[in-house]
Amino acid sequence: MKTHAQAVVIGGGVIGCSILYHLTKLGWSDVVLLERNELTSGSTWHAAANIHGLHDSANISRLQHYTMSLYKQLEEETGQSCGVFQPGSLYLAQTEAREHQLRLQEAKAQLYGMNFSEISRERAEELHPLVNFDGIRCIMWEPEGGNVDPSGVTNAYAMGARQRGAEIHRFTPVTATTQKPDGTWVVETPKGNIETRWVINAAGLWGREVAKLAGIEMPLQPTEHQYFVTETIAEIDGMDRRLPSVADRDGEYYLRQEGKGLLIGAYERDMRFWAEDGTPLDFAHDLFPDDLERIMENVMRAMDRVPVAAEAGIKRVINGPMIWSPDSNVILGPVPELKNYFMCGGIIPGFSQSAGMGLMAAQWIVEGEMQYDMFAWDLARFGQWANDRDFVKAKVEDVYAHRFAIHYPNEEREAGRPLRTRPVYGMQKEMGAVFGLNYGWEHPQWFADEPGRKDTNGFTRQNWWGPVGEECRMLRERAGIIDISNFAKYRVKGPGAEDWLNAVFANNMPKSVGRSCLTPLISVRGGIAGDATVTRVAEDEFWVVSSGMAERYHKRFFDMVPLPEGTSFDSWTERMCGFNVAGPKSRELLARLTNASLDTGDFPFMRSQRIELAGVDCLALRVSFTGDLGWELHCATEDQAQLYAALLEAGKPLGAGPVGARALMSMRVEKGYGSWSREYSPEYWPHEVGLAGLCKMGKDFLHKAALEEVLEKTPREDLVLIHIDETAVTASNADATGGEPIFCKGKPVGRVTSGTYGYSVGMSLALGYVRHGAAAPGDEVSVMVLGQPHKARILHEPPFDPEGEKLRA
Ligand SMILES: Cc1cc2nc3c(=O)[nH]c(=O)nc-3n(C[C@H](O)[C@H](O)[C@H](O)COP(=O)(O)OP(=O)(O)OC[C@H]3O[C@@H](n4cnc5c(N)ncnc54)[C@H](O)[C@@H]3O)c2cc1C
């Protein structure tokens, strides 16, 4: 075994082997994989290994598509069979909501060049004569759907990697990972140590234990999962072709042909955790005792759908472990608190995603960043707060038991909450706040007319649609108080603060005290890694406000630029809270609580002052995400309740009150403002999102060279604001929500990133990207709301206050 390597992958399941393979594909041949047992000794060997291309997330779809297409190529490359069967998959909708979901996926498939389209019942019966299609509202057909051989795929990746120079050592458990002061990792095994730049934790079921070797916790929890295979079924035995798999998600089971019988699996409500206190080290090619009784409800539904299954005997039952994250997506990426430690754990659809995941991991390690925005997979979407064991268990129970449930736009699941609350949580609750989860915090989405109301969920307009409109009108006509404590807040202080911020961010930092600037943060490939408002609050002190959910993600970027001697950078997100008081009467509202002059002459737009409001010391910034006259007020967390009570009291006589996040979303879209993770992401270039003007090329800053390169290229896409025709949205009772394809002259040209109703302008609106040159302001387009064409037009300017007069009033 070699003693030095560029990277060491821990774990020889399908994911570890795929990462190894993709590292070699990107040119790193000096890489080693260590496996404590045989390859496939975790969840991999016993998986049903079904493969699907489409996912609600566009980028995950792209990567699943890549995975499915790689298997055949891998076979050719290595000569190792991956056991690929692609007889196709039938997707069934029993409910209206499922039909909306499938139709939306059909529209997305056209945009991404994938095969997924509706077929008639007659055609479906030809494809799968054993299915009873009664009660099915629509059927979609994915010709590439099917399954693979888990061990064949894992070995093919391993062979492909070996062919390019990688080493694989089986029966070589990693017993310690320690980092030397120079950053080199020492990976210890009973067969000797390896020194390496990168450690990659792909230890699957043992991901938690391996992470602990480096002193870190991972929010992961294993569960049991079962499927069974029937004896030979005569009707299948008599066929000269393989039957398609059946994705009847409303029935909460999966079903496909295996041998000459059927394989049926289920994510049951009555689920079981496994290994809560740690995965046993002596577990390998093991299974749990059968417990079919627990999945019987789901199995009965499968048997109603495919009646021959009811007559067949059971040949084999698999009850094996799989390991979950709190939202069932992989926990992927370099751990921000460690140098060169890469995590990849908690993968559920390993065989639909293995190649995509391996490619993303390898790109991140070798090239510094992935080509796609994969925040949905990035471990930085969770902070340390997510390691709370009760939270992890509650979430995992929920995502397991609802594996096949539809996840609606704006859906906020209850499990594991509340986890993090701020002082005004109780007050907001009494006022009827309906909360969402924002980086672990409870955050008001809207205010119902009485406490205890909850969201209804669906693709159409829901119970919150009306009340959110009231909140928008209140703010636009009078004033509103929005809790913005969820923003990330940082203080940079010291003699080198200005230089450091100038070296991190693309815009020039404000020169004089009391001034603010908006600035992009540039990603490794020259895209938008973030946007922030930076305010100079003293000669040597700056206040930075940015996206709350991106705090851990942005830490990776902040750490790339060393802090000058004597200068500090601290997160103040927990110790400070904030409110945005906005609307035409916001000045009058605040004037009731302060002696400070808020007149435009004394307190203009994009300026800040430290003022006292109702006896509370506040940093007031005259900025506004609503597009209206307004102030952001930041105060100490212990003063939050006092300030909130005073603001609400002063607002009452003016007809002002609390406003939630959904109203804020509607108002920022009326103004055409982008938001991080929707319009701004590392995937988009500054000149595609209209932020190029904020990048000052006359100075040096993080990833400037990459930005220079992209600025020379023609934009691939343009960010546009779209007005969807009133008649169309009234008929469907739905607005765009994000992800809907945009068509122009019958061809897919782009997709929605944020969709909402603009209550104060009376228009259904969508922000989205369209292919550069494919559609321009004034053009008629079609937005696929609910997967159905909705007539729409690209706007020349935002419908609310296009000149910014209200903002500067
Ligand atoms: C019953 C069942 C059915 C499934 N069906 C499907 C399906 O239909 N489709 C699908 O896509 N997915 C399916 N899955 C999920 C799939 O199996 C997983 O997504 C996938 O196997 C995860 O692979 P992995 O490489 O991350 O982890 P694992 O397979 O757990 O591999 C981790 C490896 O790391 C090794 N290791 C651990 N600790 C150390 C150490 N200290 N040193 C060295 N090596 C170490 C282990 O021995 C193991 O080989 C199913 C899972 C189950 C349980």
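First listed ligand is number 1; within each ligand, the first listed atom is number 1.
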Taking both backbone and side-chain atoms of [X], is any N or O found less than 3.5 Å from an N or O belonging to ligand 1?
X: Val210; result: no
X: Ala49; result: yes
X: Ile318; result: no
X: Tyr254; result: no
X: Pro321; result: no
X: Ser41; result: yes
X: Met322; result: no
X: His225; result: no
X: Pro173; result: no
X: Arg36; result: yes

May I ask you to check whether [X] and [Y] show a side-chain donor-acceptor distance below 3.5 Å?
X: Ser245; Y: Ser89; value: yes
X: Gln226; Y: Asp290; value: no
X: Ser41; Y: Arg36; value: no
X: Asp149; Y: Ser151; value: no
X: Glu224; Y: Asn319; value: yes

Give the contacting part of [X] toward ligand 1: side chain, backbone, both or neither, where contact means a heavy-atom distance below 4.0 Å.
X: Ala202; value: backbone
X: Asn37; value: neither
X: Thr175; value: neither

I'd like the name of whichever of [options] reaches closest to [atom] through any heavy atom.
atom: atom 46 (C) of ligand 1; options: Arg208, Glu35, Glu209; answer: Glu35
atom: atom 5 (N) of ligand 1; options: Ala48, Gly13, Gly204; answer: Ala48
atom: atom 10 (C) of ligand 1; options: Phe351, Phe171, Trp324, Phe283; answer: Phe351
atom: atom 37 (C) of ligand 1; options: Trp206, Trp45, Tyr227; answer: Trp206

Quiz prompt | Sub-4.0 Å heavy-atom contact, Val14 with ligand 1 | solution =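 Checking ligand 1 against Val14, which is what was asked, there is a heavy-atom contact under 4.0 Å.
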Self-check item: Identified ring pair (Phe, Tyr, Trp, His ring centres under 6.0 Å) counterpart of Tyr91 within the set Tyr254, Phe404, Phe116
Solution: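 When Tyr254, Phe404, Phe116 are each tested with Tyr91, the ring pair (Phe, Tyr, Trp, His ring centres under 6.0 Å) holds only for Phe116.
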Practice problem: Could you please spell out the steps behind the side-chain hydrogen bond (donor to acceptor under 3.5 Å, both in side chains) verdict for Gln221 and Tyr400? | Solution: CA-CA 11 Å; Gln221 173 59 49; Tyr400 181 98; over 6 Å; no
Quiz item: When the ring centroid of Phe288 is compared with that of Phe283, is the distance short of 6.0 Å?
Solution: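 Yes; Phe283 has its ring centre under 6.0 Å from that of Phe288.
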Practice problem: Mind telling me whether Tyr157 and His22 have parallel, tilted or perpendicular rings, with 30° and 60° as the class edges? | Solution: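 The arrangement is tilted - the two ring planes meet at 30° to 60°.
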